[in-house]
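Take a look at the structure below.
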Amino acid sequence: MSTVLLLLGAGLARGAVFALFALALVLIWRATRIANFAQGAMAVTAAYVAYLVLIGTGSFPLAVVVVLLAGAGIGVGVERGLMRYLPTASPLNAIIVAIGVVMVLTGLLGILFGADYKPISVPFSREPITVGSLAIVSPYTLFVFVVIAVVVAGIGLLFTRTSLGLAMRASAFDEEVARLNGVRVVRMRTLGWMLSSAVGGLAVLLAVPTELGLNPHSGDLLFVNAFTVAIIGGLDSPVGAVVAGLGVGVLLTIVTTLWGATVGPIAILLLLVLVLLLRPQGLFSLRKARLA
Amino acid sequence: MTQPHARATTVSAIALALAGALVLSSCSTPGAAEQPGLTDTSVKIGTHQPLTGPAAASYAPISAATAAYFDYVNDQGGINGRTIDYIVKDDGYNPATTQTVVRELVLDDDVFAILGGLGTPTHSSVLDFLNDNDVPDLFASSGSAAWNQPEKYPNTFGFQTDYVTEGMVLGQHISDEFGGKTVCLLGQDDEFGTDVQSGLEKILGADGLAEVQTYSVSNQDVSAQIVAMQAAGCEVNVLATITGFTALAIGTAAQLSYFPQWVSSSSGADYGPLAGYLGDAAPLLLEGFISDNYLPDASESDNKWIELFQDINDKYNKGAPFNGSVVYGMAMGYLFAEALLHAGKQPTRESLITAVQSGELKGSGLVPLAFSKTDHNGYVGAGITVVHDGVQASTGERWVRDGDKVVAYDKPPVELLSGGVPSN
Amino acid sequence: MTGTRDVSTASAAPAPVRPRRPHWLLTPSSWTPLQRWGVTALGLVLALGATFLLDPYRNYLLAVGTAYLCAIAGLSLLVGRTGQLSLGHAAFMAAGAYAFAFTSNALADESVPSLVHLYAPFLVAIVVAAALGAVVGIAGARLHGPYLAGLTLALVLALPALTSLMSDVFGGDAGLYVSVERRPEWLSQLIADEQWQAWVGLGAAALVLGVLAQLVRSPYAIRMQAVRDDESAARLSGIDPRATRVTMFGISAATAGLGGGVLAYVTQAASPGAYSLSFSLFLLVAVVIGGVGTLAGAVWGAVVLVLVPELTSSITEALPLPAELSQRLDGNLAIVVFGVILVVVMLVAPRGINGAVGSLVGRLRRRRP
């Protein structure tokens, strides 16, 4: 029983970060129908900006604010600077340009900061929360849960309760109709990029303290795991992203404990194949979106 | 529209052929020199190292330290009047790139020998090429058993103590000091992990490890493994981990209030970088941390070798952080200088190999080197080090391997002579 | 990607006014299958001869480049003709490399004729990679855009995990040593090992380019295009979109497998680290830079892929930079340059180098009186 509790705690902590990052992917998909393959690199870049602020001021809350701002800024930059000028002939173009962005950003980060891991320490006590004699989660993990809950709730409210959210959904659903109804479609698209990229940056910043440290490649594996999570949940379902994120986190933890860490990426691949074969629209999506 | 495109295909092809021929043929075929890379005043050697990519963080300082040591030797007049020209090529820890850069070193740069090619997967991929081309392949940098195959690879030699022996030394120490405790292992999911495991099991018995967990370098979340070890009641945890993951394991466990005895292989036990990862809590978390080492520890400032290396590091390496990687790189350089000295006044690739096999190389380690005609292993044992008050120092306890067991070694370590530049 | 259409629908486009009919050699679109094979063979002979101009190291680079070319050509047609984006083509190269390794090692232990030992592993590499490609193709046939890209991405990332999980079979991170059939005795006096490797690579590349050149001029090419452009319309005209996609995916995986086989032959190794995600992305970059969907573009792409890292590393070596900075620049600069070229090409010249050369030639011709 105690082992199960421990694994559940570790799994949920890992899954929460997947969920947040997958949410960022979902946001951009809903706003622009683009799967942003540069999400990982953009988020890592924002996290490096926050890292500079953190070593300058020593304030983690400030770093959280900065990562949101930097993320939003990078999102605007990529959208206004590149994505807007894409030839729209094929949806593949957006993916290819995004891969170009990944290469430029990781290469530049490597040149500027080097390949070594930049540890980020957080000002939370390392004392765990105990149940009986066992440590379940550290206070930092609890903090991550709270932040993610706030973000998810905020996004949920934005899309369901505000006219801005409605406008964003409308412009993603049908640009022409939205435009005819007075929605400023271009601005909505930019807003989508800002929001998504800020959330992605936050996910990386929250993940780094539990890992070795910040590195130009910190986003690679996170991106693939989160992308899988987003597809499992349904690319246009925020709720799906969160639930699937937590689920995949727990699943990966169990797989790792039982069969070793090596099996992780294979489990992810099998899960992805399974979902794509059996329910390609994702577990939480209502529409048939991905069939050609 | 049709015409220009159809034409373009042909024009492209012709332009390509021309461009290719121009670019490629501008570099002429090298003449067959008597001894590649060797002149009366210099000798050119090369290496492949991960200077970029995820592995660069831990390993890039090694070749910088070797280069600094050679600068020092060259300023003292070199070896037998020859300066050492040391070319470092980046392979990003990718075997495909290793193959390209090593061919560039051998075929294009005409190096005399390859020194300290780093990494098991990377260096394994060039063993055949180097041996087919009769290039001395000295002191490959990893604890793989693959370097010790004198019949198949007569030109290849190891450097550091192999992982199996490290496992045996750690196992012996554990069975002496922590008899009756529950011993577990967290290992990398490759040869490093499995070799240390087999070494431990040689000493502790096939059922000596209560729990074996693995991690994969690509996944930096080890909480599941730590939780499993905690749940299995592990009291002494052996780590066959690279430095970052040693820190990650200890840090993750501490966050769960889990404080077992940590015992680490030398590859991931360097105090300086570990403290860097762990931050302010490092002195507390690393107190009593046990590991093995075949070279003197960087923090033993009263050791003569360390004193010299520290000095060279300040003068020739721009005072880079002085840690185990720097000691490793300089010890590597020293051993090559020794080999070159013993290869004679007019060295050949053959005489270099003969010199290494002669058994006359002493190195700068705590234990002897194994080199002979039939044994291409480097160091053959290790000492035990413990962290106390932020200083990682040798306890004096040393072991060398003898078949399937290890025996205590009590001869004094190699003395530093003639200012660290080997001479007759 | 618009450029690809011009070439392949050449027969349907209105014929431009031409003063004089040029020599048949200059109009590839009108070649008969036999003529195309003839030109391929001619090109191969010229390329084999050109290897005498190169020193061993450059011949080695050429051999590696031909391996890339096999994979790039197949990927280029996949992306350009059926609109399927694979980010995991390195995985198919790896499948080919490992299949080559197993076969070649097994044959080395048997006493088989040396020609069998030379060719059979390549054949197995093609078959195994094609089979894996068909499996992934079936799983991905209903998917488009990001979903297929995501699936292939997960595939290439699972590769090192698979090899280390079954390290008894695949040799873990260190991979497998490949015992290969070397150049024939009578040739060893004449040419160096590296030159022979370049010959083998050129032979494989000629085979791939020859077969694919036949494919893009065949009726099948029009089907692929129909599937890419409008699936419903294609279905109405009796084309099975899934079968078409799976076939093309299998073909492109097969050429990647042959490329992997060549790489295994040349480097005498098959290891997971050689077929990483970043290598996979480099293949895509080469496809786009050369010109998506065209074979000449694939050749350009392979050249760029081999030369850019060489150039950036000689630039960083030549610049008087502090050691630490030049270390950071060394590998990263090539990545940045690739990324910038990729983005610029997509935004400015989506038809790649091949398209740019095409319009340049076209402009020059028009200017002439």
Side-chain angles (χ1 to χ4, degrees), chain B residues 1-13 15-17 19-21 23-25 27-30 51-53 56 60 64 67 88-90 92-100 103-104 106-108 120-122 124-129 132 144 146 189-191 194 216 218 318 320, chain C residues 6-7 10 13 15-16 18 25-30 43 46-47 50 53-58 60-62 64 157 160-161 164 167 172-175 177 194 263 267-269 271 273-274 276 279 294-296 299-300 303 307 313 323 327-328 330-332 353-355 357-359 361-362 365:
Chain B
M1 269 317 274
T2 338
Q3 208 44 40
H5 274 91
R7 189 62 62 91
T9 317
T10 322
V11 173
S12 282
L16 267 181
V23 170
L24 295 169
S25 67
C27 318
S28 62
T29 312
L51 304 180
T52 55
V88 183
K89 295 271 182 200
D90 176 25
Y93 214 71
N94 174 350
T97 318
T98 310
Q99 287 163 346
T100 303
R103 277 171 175 84
E104 191 179 357
V106 172
L107 299 173
D108 207 38
T120 307
T122 44
S124 308
S125 72
V126 292
L127 287 181
D128 288 277
F129 172 76
D132 285 350
S144 169
D189 61 345
D190 60 14
E191 195 190 45
T194 52
S216 162
S218 57
K318 292 191 225 105
Chain C
D6 303 327
V7 185
R18 291 198 296 263
L25 253 177
L26 295 176
T27 56
S29 55
S30 65
L46 286 178
L53 299 173
L54 305 179
D55 65 51
Y57 175 60
R58 266 81 201 171
Y60 169 78
L61 286 184
L62 177 63
V64 170
L157 277 167
S164 77
S167 58
D173 278 354
Y177 164 68
E194 284 75 17
L263 217 48
T267 60
Q268 290 195 271
S271 66
S276 60
F279 178 60
T294 63
L295 294 178
V299 180
W300 281 112
V303 170
L307 289 188
S313 85
Q327 273 187 13
R328 286 180 185 178
D330 200 3
N332 287 320
I353 298 180
N354 190 49
V357 171
S359 35
V361 171
R365 278 177 58 81

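Predicted, not measured: the structure shown is a model, and the values here were computed from it. All chains are named by letter (A, B, ...) in the order of the sequence lines, taking the proteins before the strands, and each is independently numbered beginning at 1. Side chains included, hydrogens not; waters and symmetry mates left out as well; all remaining heavy atoms used.
One distance of note links CZ of C/R58 with CG of B/D108; it measures 4.0 Å at 0.5 Å rounding. Taking OH of C/Y177 as the start and CG of B/D128 as the end, the distance is 4.0 Å to the nearest 0.5 Å.
Of all non-hydrogen atoms in B/P95 and C/A274, the two that sit nearest each other are CD-N, 4.1 Å. Smallest separation of non-hydrogen atoms from B/R103 and C/T267: NH2-CA, 4.3 Å.
C/S276 pairs by the side-chain hydrogen bond (donor to acceptor under 3.5 Å, both in side chains) definition with C/S278, not counting sequence neighbours. Contacts of B/F129 classified as ring pair (Phe, Tyr, Trp, His ring centres under 6.0 Å), with partners at least two apart in sequence or in another chain: none.
Looking at B/S124, the atoms closer than 4.5 Å to chain C (heavy atoms on both sides) all sit in the side chain, from C-beta outward.
Most heavy-atom pairs under 4.5 Å with chain C, from the set B/D132, B/V126, B/T98, B/L127: that is B/D132.
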